[in-house]
Amino acid sequence: MTRILLFALLLGLLVVAGCGGGGGGGGSTITVTSLTLSIPDNSTVATGGVLHIKAFATYSNGTSGYVNPSWGLVGAIGSIGPDGTFTAAASAAAGTIVATLSGFITNVSISVVVPGALSNYAVVASNLTNPNDIGLGDKHFFYLMAMSGAQTIYVNPDAGSWSVSGGVATIDANTGELTATSSGDGSVSALHNSAASSLPIRVTAPKVSVTGSTVEFSSFVAIAGAQVVFLDSAGNEVGRLTSDSGGQFSGLVSQSATDMYVDSVPAGYHAEFRYQSIYYYTGDPANCKAPIAAPTSGKNYGNVYLFSTNNPPPPPPNCG
């Protein structure tokens, strides 16, 4: 009887699977291609420690973003809530945190340890956060780590100890969740057992999607491997995109970008290019650059023309 019921269940699943997408007119199905968690694999957590874990997904249509997967645990390492809040067990253990989204599964191994004497405290950004490039309005969790003997472990800061300086963000003093509120430089700090630690951060303007291509000036042949760099008005790099094998470049660039240049070009080409009828040099863009319109989402930046050493262009204007 058990075999009959199992066969019936499997048959039902096959029928359901066979019916999926039947009304889509043959359209392609968007699937999850990667799922990344905000803590790295093989992480070590102090007993009773709390980690706020976020997940970031990439899809087959090229889109990506933070998501809310289903969470689970393997092993007696603690508990995890539907929002990804993990609380480590009260005793030493080893296991796995598992995240599932639309059938795609990822996991990280976790070791829970009883901490000894702690030293070398350090505030760290999550696995998904670049502390030097936090988008205005973004939310990110920060963690506190310390050395326990030869181990580096996540520990809880003292209750209410998180703070942020520079006026660039607010932070939940108990959880370490930061909300970026103003562009500029600042730092995130935490306190544990009277030991303080801080991490510099930079909040930048929101990111927008830009596209374009790099081509040889006279032949219009695509050039791969050219790194197109975007700067803000203060000369800080706020985006770097590399042309692919077809000469195309695309990606996210801070909306604060006002200048662009080529940082490196393939052998056989001058370190020069022309963008929208403006010439640029590379190497020292501060001495040879011109403002561009602030990037807007979806704007196509057209062709970036590179020049072969056998076909040098006339001297660019305003470049000494």
Side-chain angles (χ1 to χ4, degrees), residues 32-40 43 50-59 61-69 71 81-86 99 101 106 108 122-145 154 157 160-190 197-211 229-241 250-258 294-299:
V32 179
T33 57
S34 70
L35 189 61
T36 307
L37 304 186
S38 59
I39 61 171
S43 291
V50 177
L51 296 178
H52 301 277
I53 304 173
K54 298 181 74 174
F56 189 87
T58 301
Y59 296 88
N61 64 350
T63 60
S64 59
Y66 287 100
V67 293
N68 296 311
W71 298 97
D83 62 349
T85 299
F86 169 72
L101 181 68
T106 193
V108 292
V123 172
V124 297
S126 82
N127 207 35
L128 303 171
T129 305
N130 179 355
N132 296 313
D133 189 15
I134 296 175
L136 189 64
D138 286 354
K139 293 179 179 291
H140 298 278
F141 280 105
F142 285 77
Y143 308 123
L144 182 63
M145 304 194 78
Y154 288 96
S161 72
W162 286 103
S163 61
V164 61
S165 66
V168 296
T170 59
I171 194 166
D172 188 312
N174 294 293
T175 66
E177 183 179 26
L178 176 142
T179 302
T181 57
S182 178
S183 298
D185 295 324
S187 62
V188 174
S189 300
S197 178
S198 63
L199 176 70
I201 61 171
R202 169 170 290 169
V203 177
T204 61
K207 292 268 191 349
V208 293
S209 175
V210 298
T211 60
V229 179
F230 292 79
L231 306 176
D232 63 17
S233 58
N236 299 310
E237 182 177 320
V238 293
R240 179 181 293 258
L241 306 175
S250 63
L252 298 177
V253 172
S254 172
Q255 202 168 29
S256 64
T258 59
T296 54
S297 186
K299 181 175 181 179

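Just so it is clear, the model here is predicted, and its values are computed rather than measured. Residue numbers start at 1 and run along the sequence shown.
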pair Val123-Ser198: side-chain heavy atoms closer than 4.5 Å: no
Sub-4.5 Å side-chain heavy-atom contact between Asn127 and Leu37: no
pair Phe142-Val164: side-chain heavy atoms closer than 4.5 Å: no
Side chain proximity check, Ser126 to Tyr143, heavy atoms < 4.5 angstrom: yes
Non-hydrogen atoms of Pro131 and Pro200 that approach each other most closely: CB-O, 3.8 Å
Student check: side-chain heavy atoms of Val203 and Leu136 closer than 4.5 Å: yes
Audit row: Ser254, Phe230, side-chain contact (heavy atoms from CB on, under 4.5 Å) steps and yes/no: CA-CA 8 Å; Ser254 172; Phe230 292 79; over 6 Å; no
Worked check of side-chain contact (heavy atoms from CB on, under 4.5 Å) between Thr129 and Ile134: CA-CA 7 Å; Thr129 305; Ile134 296 175; 4.3 Å; yes
Validation row: Val67, Leu35 side chains within 4.5 angstrom (heavy atoms): yes
Any donor-acceptor N or O pair under 3.5 Å, side chains Thr58, Thr33: no
Spacing of OG belonging to Ser187 relative to CG belonging to Leu199, to within rounding of 0.5 Å: 8.0 Å
OG on Ser165 to CD1 on Ile201, rounded to 0.5 Å: 7.5 Å
Side chain to side chain, Thr175 and Phe141, heavy atoms closer than 4.5 Å: yes
Shortest non-hydrogen contact between Leu144 and Ser197, atoms and distance: CD1-CB, 4.4 Å
Flag if over 12 foreign heavy atoms under 6.0 Å of CG, Asn68: no
Euclidean distance, Thr181 OG1 relative to Asp138 CG, rounded to 0.5 Å: 11.5 Å
Val32 side chain reached by Tyr59 side chain, heavy atoms, under 4.5 Å: yes
Atom pair CG/CZ of Asp185 and Arg202 - distance to nearest 0.5 Å: 4.0 Å
Where Ala99 and Trp71 come nearest, the two heavy atoms and their spacing: CB-CZ3, 3.9 Å
Salt bridge (Lys or Arg N to Asp or Glu O under 4.0 Å) partners of Asp133, counting only residues at least two apart: Lys207
Backbone N/O of Ala57 and side chain of Ser64: donor-acceptor pair under 3.5 Å: no
Closest non-hydrogen atom pair, Gly176 against Trp162: N-CD1, 3.4 Å
Contacts of Phe86 that satisfy ring-ring contact (aromatic ring centres under 6.0 Å, His included) - sequence neighbours left out: none
Distance-minimising heavy-atom pair for Ala169 and Ala180: CB-CA, 3.8 Å
Atom pair OG1 (Thr170) and CD (Glu177), whose distance is rounded to the nearest 0.5 Å: 9.0 Å
Distance (rounded to the nearest 0.5 Å) between Ile53 CD1 and Thr85 OG1: 8.5 Å
